[in-house]
2 protein chains.
Amino acid sequence: MTDQLDKAFAALSDATRRDLIARLAIGDATVGELAAPYDMTVQAISKHLKVLTDAGLVTKRAEAQRRLVHLEADALRALTQWVEHYAQLAERRYSRLERVLAGMTDQLTDQPTDGPASATRKDAP
Amino acid sequence: MTDQLDKAFAALSDATRRDLIARLAIGDATVGELAAPYDMTVQAISKHLKVLTDAGLVTKRAEAQRRLVHLEADALRALTQWVEHYAQLAERRYSRLERVLAGMTDQLTDQPTDGPASATRKDAP
DNA sequence: GTCTTTTTCAACCAACCGGTTGAGGAGCAT
DNA sequence: ATGCTCCTCAACCGGTTGGTTGAAAAAGAC
């Protein structure tokens, strides 16, 4: 589980692989077609594609002696979900803090806020 | 631009750093607080935080001799946007293909479809 | 002032990464 | 069968990474 996220994020950390993703979003393609635009050997692209497949972002199906590479949109969605979760969490917390600060004049002893800024410590998570 | 995406995705490719993000989504914390739960030296966590800051995902502000670490939700959003863009592109293309296949009985010689599956090749992108 | 806390810097190490070259494998085509 | 095309596997190399230890900087506490 965590291993898959490791691989997926690592896969996207390379500009060439992100470029391949962008290309594959347009439509499926063979390894050779994918390699053509790059100033790089086909083996290098093949390696990149292996990284992407190991991360589950891409699949290949044999088509004669060529391999048709296909982008797995669902795997991408798993990434956005992870990131969005914490982005929203942080954003919500922040806006709540803002709300609390703004509302300090209105009502002051209402709910137990978990404390502004530095009072968020935990001992045994 | 591309360099920042490189760093951000690379930063998230490590489970420890993702864990730090998750912790920081709850609220800001000092380096020591962040390091406490881990079976690892404080220096190692400091390094991880440097990676996160270099990626722009996190900022630090001095608070006495401690450093308060803060999660930058906007930087996370930049990642989700990138991934979502291509996820939607691929998904839309796929559903369009499905629509074409389903509609083949209704109307067959209508628009020049870019060809199902394997006919999506391009020579000079 | 000295001592303690908090964090970073520096050097080191094993392991991994992104690229190369070279060889091999699996399918058509002739 | 022989050859051609498309792709992957293996070995290698320089550079980066994730962790360690040790020292030092910066700010409070005494």
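By convention in this document, chain letters (A, B, ...) are assigned in the order of the sequence lines, proteins followed by strands, and residues within each chain are numbered from 1.
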A.B. asks: Which comes earlier along DNA chain C counting from the 5' end, the contact point of Q65(A) or that of G32(B), where each point is its nearest nucleotide?
C.D. replies: G32(B)
A.B. asks: Starting from the 5' end of DNA chain C, give me the residue, K47(B) or D14(A), whose nearest nucleotide shows up first.
C.D. replies: K47(B)
A.B. asks: Check whether R18(B) reaches the backbone of L12(B) with its side chain - one donor and one acceptor, N or O, closer than 3.5 Å.
C.D. replies: yes
A.B. asks: Going by heavy atoms in the side chains, are E84(B) and E84(A) under 4.5 Å from each other?
C.D. replies: no
A.B. asks: Using 4.0 Å as the upper bound for N to carboxylate O, is an ion pair formed by R23(A) and D19(A)?
C.D. replies: no
A.B. asks: Does OP1 or OP2 of dC7(D) have a side-chain N or O of S46(A) closer than 4.0 Å?
C.D. replies: no
A.B. asks: Any donor-acceptor pair, under 3.5 Å, between the side chain of Q43(A) and the base of dG22(C), if you only look at N and O atoms?
C.D. replies: yes
A.B. asks: For K60(A), which of L52(A), D28(A), V69(A) qualifies under side-chain contact (heavy atoms from CB on, under 4.5 Å)?
C.D. replies: V69(A)
A.B. asks: Rounded to the Å, how far apart are L68(A) CG and dA26(C) P?
C.D. replies: 20 Å
A.B. asks: Hey, is the side chain of K50(A) poking within less than 4.0 Å of OP1 or OP2 on dC7(D), counting only N and O atoms?
C.D. replies: no
A.B. asks: Could you state the CG-P distance from D6(B) to dT16(D), rounded to the nearest angstrom?
C.D. replies: 13 Å
A.B. asks: Figure out the CZ/P separation between R67(A) and dG25(C), and round it to whole Å.
C.D. replies: 14 Å
A.B. asks: Whole angstrom is fine here: how far is it from CD in E33(A) over to C1' in dT5(D)?
C.D. replies: 14 Å
A.B. asks: State which of dC7(D), dC28(C), dT20(D) makes the closest approach to the side chain of A64(A).
C.D. replies: dC28(C)
A.B. asks: Could you tell me the separation between the CG atom of L20(A) and the P atom of dC7(D), rounded to a whole number of Å?
C.D. replies: 13 Å
A.B. asks: To the nearest Å, give me how far apart NZ (K60(A)) and C1' (dG27(C)) are.
C.D. replies: 17 Å
A.B. asks: Taking V51(A) as the starting point, is it possible to reach V83(B) by hopping between hydrophobic residues whose side chains are less than 4.5 Å apart?
C.D. replies: no
A.B. asks: Which of these nucleotides, dG18(D), dG18(C), dT20(C), is closest to any side-chain atom of R17(B)?
C.D. replies: dG18(D)
A.B. asks: Whole angstroms only, please: what is the NE2-P distance between H48(B) and dT16(D)?
C.D. replies: 19 Å
A.B. asks: Write down the distance between CZ (R66(A)) and C1' (dT8(D)), rounded to a whole number of angstrom.
C.D. replies: 17 Å
